[in-house]
> 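There's a structure below that I have some questions on.
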Amino acid sequence: CGIIGAFSSRGAHLLEEIYLGLYALQHRGQEAAGVAWSDEAGQVLCRRGNGLVHLALSQTELAQVTCQAAIGHVRYATTGGTGLANAQPLAASSSVHGSFAVAHNGNLTNTDELKRQMEHGGAIFQSRTDTEVVLHLISHQPDVPFADAVQRSCTKLRGAFSLVIVHENRLIAVRDPWGFRPLALGERDGVFYVASESCAFDLLGAHFIRDLDPGEILLIDSTGLHSSKLPLTPARHYHCAFEYVYFARPDSVIDGVSVYESRIRMGRELAKTNGCPTDAVVTGLPDSGTIAALGYAAESGHAYQAAIVRNRYSGRTFIEPTPRVRELGVQKKLNPIRSLIEGRQLVAIDDSVVRGTTSRKVCDLLRRCGARGIHLRISSPPVCYPCFYGIDTPSRDDLVAAQKSVPAMASQFGCDSLQYLTKEALIRSIGKPACELCTACFDGHYMEEDER
Ligand code: 5GP
Ligand code: SF4
Ligand code: MG
């Protein structure tokens, strides 16, 4: 998912800004979009809809609203279904805390336990999202001020949560103590923004101030910015390595690392470890493999060709619900240019293999275009384990790399050679110490093991 929040002490047309910011974060979720803001009386209002931002929300309606604090969300379903009941922000009101709304990026790992406890206390949950747990936790603490209730609630959460909360005329942003999902602070003309990725600030004309620290709670109101820390101090940080591999936009800088530069380095690392035929042409599977392919070509000296064209109106195929649509999805989205491929050796680069659908389809398409050899290179290690922190990887049964060896996958995909980036090379490419990164989907080492 993608989240954004805005605060202006003077009041401004913040929803127009939130709308634009969500548009810049569209790649982080295409299933639903929503906004929430507080009116002059401090009442929180919400608009949510299914699908892409421009379909889910009315820009003209939102542009008319002025407010001091607002938040927004684009949804990529990891828990709960895709129905509108699971769209965010989620709003609640209680007689003590008044009304508030929460938008969440990430996935909690102790939802069931927390839900059970609260259901015993009489709570009734309306959606199947883990985010509703956060609302309940907050309203279950009536005897402390709202900001304290947020802080106390967050200490009970495990897993990944970057949150933006609007309450009365203020904005609260929280990043989990492990730092799984990104969250950054920006500013323009006295308006403060928090967003999942810095690319949203670029569109808003805001300048990037800094990333939120893992475990930071940032409260922004008319008296200024107030930062505090959750009392939890984890042994180490777990910034999601997959944000750099695939999820984030290349024009974002996350926790001090340019996503684009890291992808170039992933491609370079791939080129270092193996020799492909000298006359081969390097191409990327757009868009997710393009930058690594550029890095590969720069390192190996092979010619780079944009030999596979992507239909720019197709979304992210991975999200398609059924195998049938996923299969078609690849063809709907990618088309090779025959004249660049016929009779050639190709180095085809993609960012990751999950179920293997894309790889198999692309090898088939390239073969049908007359490729003489196909050397598939993947700019991440084999995805062998599910993610419980907000990326929708399927169970191990559906992860092709969990089921098959690399040679077996090569023959299933129909390529002449297949090679993955090693975990060590991935970590070098990101440029952070291994003890600051989550690589659980590659190595099965989950945060919970260290926390025990
Ligand atoms: P596969 O076809 O092997 O199931 O999925 C791999 C393809 O999906 C790659 O091209 C990669 O760019 C993309 N992909 C990998 N992980 C994700 C994800 O979590 N979400 C989406 N939308 N796409 C993904
Ligand atoms: Fe990211 Fe993989 Fe860790 Fe999930 S398991 S947070 S996708 S690195
Ligand atoms: Mg892709």
Side-chain angles (χ1 to χ4, degrees), residues 1 26-31 74-78 105-107 109 159-162 176 178-182 237-248 250 254 263 284-293 308 310 314-323 325-331 333-334 348-364 376-394 398-404 409 412-413 418 420 423 426-427 430 432 434 436-449:
C1 305
Q26 184 78 81
H27 61 288
R28 297 185 69 88
Q30 296 89 38
E31 282 154 48
V74 284
R75 175 167 167 81
Y76 160 59
T78 50
N105 173 211
N107 197 63
T109 51
F161 53 100
S162 282
D176 69 63
W178 302 276
F180 280 105
R181 300 282 146 232
H237 292 149
Y238 297 82
H239 300 307
C240 170
F242 209 67
E243 291 274 350
Y244 297 98
V245 168
Y246 169 79
F247 205 56
I254 296 178
R263 287 181 191 167
L285 273 59
D287 292 326
S288 54
T290 303
I291 299 166
I308 301 172
R310 179 181 195 276
S314 73
R316 291 188 146 184
T317 36
F318 186 88
I319 278 162
E320 307 277 19
T322 66
V325 184
R326 264 200 301 276
E327 287 248 351
L328 259 185
V330 177
Q331 250 171 308
K333 176 163 142 177
L334 301 177
I349 300 186
D350 202 4
D351 65 287
S352 58
V353 175
V354 182
R355 294 180 177 84
T357 316
T358 307
S359 306
R360 188 168 46 77
K361 277 276 152 189
V362 163
C363 290
D364 186 43
L376 189 61
R377 297 293 178 267
I378 308 298
S379 64
S380 63
V383 176
C384 293
Y385 302 88
C387 172
F388 302 114
Y389 311 116
I391 299 284
D392 185 26
T393 38
D398 292 325
L399 291 171
V400 65
Q403 304 301 329
K404 291 199 157 129
M409 283 190 281
Q412 176 179 324
F413 301 157
L418 169 65
Y420 283 89
K423 188 178 91 176
L426 171 65
I427 292 168
I430 297 170
K432 287 188 170 298
E436 289 182 17
L437 291 169
C438 175
T439 49
C441 50
F442 308 119
D443 61 14
H445 183 92
Y446 294 99
M447 169 272 273
E448 283 74 10
E449 286 167 40

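Ligands are counted one by one from 1 in listed order, and the atoms in each one are counted from 1 as well. Side chains are part of it too, since the values below use all heavy atoms of this structure and drop only hydrogens, waters and symmetry mates. The first residue of the sequence shown is numbered 1, and numbering continues consecutively from there.
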> Could you tell me whether any N, O or S atom belonging to Thr358 is less than 2.8 Å from the Mg ion (ligand 3)?
no

> For Thr109, which residues count as a side-chain hydrogen bond (donor to acceptor under 3.5 Å, both in side chains) partner, sequence neighbours excluded?
Glu448

> Kindly write out the residues that satisfy side-chain hydrogen bond (donor to acceptor under 3.5 Å, both in side chains) with Asp176, not counting sequence neighbours, or none if the list is empty.
none

> If you take the nearest heavy atom of each of Asp350, Thr358, Val330, which one is closest to atom 10 (O) of ligand 1?
Asp350

> Which residue in the set Leu285, Val353, Asp364, Leu418 passes side chain to side chain contact (heavy atoms under 4.5 Å, CB included) when paired with Ser359?
Val353

> With a 4.0 Å cut-off on heavy atoms, is Phe247 touching ligand 1?
no

> Going by heavy atoms, is Ser359 under 4.0 Å from ligand 1?
no

> May I ask you to decide if the ring planes of Tyr385 and Tyr446 are parallel, tilted or perpendicular, using 30° and 60° as cut-offs?
perpendicular

> For atom 4 (Fe) of ligand 2, which protein N/O/S atoms fall under 2.8 Å? Skip waters.
Cys387 SG

> Would you tell me which option among Tyr246, Tyr76, Phe413 has the nearest heavy-atom contact to atom 17 (C) of ligand 1?
Tyr246

> Could a heavy atom of Arg181 be found less than 4.0 Å from some atom of ligand 2?
yes

> Tell me, please, which residues at least two apart from Lys423 pass side-chain hydrogen bond (donor to acceptor under 3.5 Å, both in side chains).
Asp443

> What do you reckon, does Val353 put a non-hydrogen atom under 4.0 Å from ligand 1?
yes

> Taking the six-membered ring for Trp and the single ring otherwise, decide whether the centroids of Phe388 and Phe180 are under 6.0 Å apart.
no

